[in-house]
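Just follow the structure's listing: the first ligand is 1, and inside any ligand the first atom is 1.
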Amino acid sequence: MTIPILDLKAQYRKIQGEVRTAIDEILESQQFILGPVVEKFEAEVASYLKAGTAVGVASGTDALLLSLMALGIGPGDAVLVPPFTFFASVSCITRLGATPIFIDIDPENFLIDYRAAESFLGERARPHPGGHGLMDPKSQCRIKAILPVHLFGQNCSMAALIALAQKHNLYIVEDVAQAFGARAEIAPGNSKPAGTLGDLGCFSFFPTKNLGGLGDGGMVVTGRTDLAEAVRRLRVHGADHKYHHLEVGLNSRLDALQAAVLRVKLRYIDQWCEERIERSRRYQSLFLATGLVGRQILSLPDPGDGQSHVFNQYVIRASRRDELRAYLSGQGIMTGVYYPVPLHLQPCFAFLGHRQGDFPHAERAAAEVLALPMFPELTREQQEIVVQSIQDFYRP
Ligand SMILES: Cc1ncc(COP(=O)(O)O)c(C=O)c1O
């Protein structure tokens with residue numbers, strides 16, 4: 001039996017009728033770019049997230065880029081970001097001529113370590129000579145924003161990051177590409193949807209995400225009408241009305257076909273997140289029974305409370321990771337490594353002058369992480385096979 005890391009066909013089989021009807025409606029209308037179906041989807045996402053405004057764009061990458069553009073971030077500015085994330089969380093910064101300041105991750109959860117951010121801002125950053133705010137002593141750039149990434153579906157410590165941003169007058173741009181449906185606790189018993197706590201939240205509808213389309217798609221959500229207007233303008237070449245360009249933007253619109261399918265899938269998102277959470281609990285109890293956990297062999301993700309982690313990926317740390325991965329592949333079990341090279345060591349960011357050893361937690365994570373099969377339709381039997389095979393590998 002082959003166990004895929006994600007089984008989109010199983011999901012499609014369940015909603016095939018609804019998806020086809022939605023696509024047919026678009027084909028009948030022949031309205032493919034933006035238009036009423038995209039507007040409906042934007043309104044539904046805004047209402048689901050209880051966010052002010054949602055703006056559909058062409059991808060999660062563009063959601064990040066357009067958000068930073070809307071904030072006016074560019075050359076001479078710096079943004080705090082973790083080095084252990086998908087490439088786009090950082091490329092959106094350098095694409096605009098701004099400078100990423102890497103903040104190492106918390107080894108417990110792979111997320112930006114707010115204590116490391118706090119000590120950077122409190123101890124290493126300097127007052128900007130132009131007044132108002134802080135400067136990165138290395139690049140001499142003005143520190144403008146924090147870009148936390150809710151990696152694998154798990155919320156960052158937003159209350160602490162918001163307090164830091166307020167103290168140092170920084171924007172927060174949330175990378176929520178992997179965490180649609182997650183909730184962040186801001187005070188005991190009080191949580192809000194991930195992506196609605198910062199100035200802007202950036203979602204991806206790449207097919208493998210919890211809410212995934214039939215291709216690329218993304219969304220920016222914000223409670224600020226000025227930023228929503230800026231993103232709306234920037235996604236259509238910076239035009240406030242047709243052929244009148246206030247600034248140079250992008251061509252980055254959500255297709256009506258994507259919106260139509262995503263409207264169907266949005267109706268299932270809570271159920272799918274719940275099913276992912278339930279499967280994470282099942283992995284947890286199966287793994288604990290193996291006796292491999294916590295003995296420098298395996299460590300498991302924190303299951304979180306409520307919807308604080310919606311398990312877009314179920315990522316463990318494993319000793320002899322690459323050998324284990326090859327063994328599982330031989331057993332027909334597909335796994336993933338997100339991400340094998342931390343971003344401060346990527347050739348294209350060599351100009352930032354970082355070296356091996358600069359961000360040890362990110363580097364260790366890159367060597368140890370393994371994403372196991374995780375999707376709402378994953379069966380108990382499949383999970384038992386995954387865990388049994390891992391046990392067989394370590395105790396032949
Ligand atoms: C953390 C993170 N940020 C940004 C992106 C970019 O999204 P997209 O692939 O839709 O451009 C992704 C998705 O691949 C992601 O996982």
Next on the checklist: For a ring-ring contact (aromatic ring centres under 6.0 Å, His included) check, start with the C-alpha distance between F311 and F152, then their side-chain angles and the critical distance, and finish with the verdict.
Outcome noted: CA-CA 6 Å; F311 292 94; F152 306 142; 9.8 Å; no
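- Using a 4.0 Å cutoff on heavy atoms, K209 counts as a contact of ligand 1.
- Applying the 4.0 Å criterion to heavy atoms of G60 picks out, from ligand 1, the atoms 6 (C), 7 (O), 8 (P), 10 (O), 11 (O).
- Contacts between D62 and ligand 1 below 4.0 angstrom, taking non-hydrogen atoms only, are absent altogether.
- Nearest protein neighbour of atom 5 (C) of ligand 1, counting heavy atoms only, is F86 CD2, 3.5 Å.
- Here the two rings, on Y327 and Y394, have centers that are 6.0 Å apart or farther.
- Remark: ligand 1 and V149 share no N or O pair separated by less than 3.5 Å (distance only, no angle test).
- Taking atom 3 (N) of ligand 1 as the reference point, the nearest protein heavy-atom neighbour is D175 OD2, 2.7 Å.
- Residue contacts with ligand 1 for T61 involve both N, CA, C or O and side-chain atoms from C-beta outward (heavy atoms, distance under 4.0 Å).
- Nearest to atom 16 (O) of ligand 1 among the protein's heavy atoms is Q178 NE2, 2.8 Å.
- Within the listing of ligand 1, atoms 7 (O), 8 (P), 10 (O) sit less than 4.0 angstrom from a heavy atom of S204.
- The structure places NZ of K144 at 12.0 Å from OG1 of T99, a figure rounded to the nearest 0.5 Å.
- Rounded to the nearest 0.5 Å, atoms CD (Q284) and CD (Q383) are 12.0 Å apart.
- Between F349 and F87, the distance from one ring center to the other falls under 6.0 angstrom.
- Taking the six-membered ring for Trp and the full ring otherwise, the centers of H354 and F359 sit less than 6.0 Å from each other.
- A side-chain N or O of Y268 and one of E18 form a donor-acceptor pair less than 3.5 Å apart.
- Nearest to atom 15 (C) of ligand 1 among the protein's heavy atoms is A177 CB, 3.5 Å.
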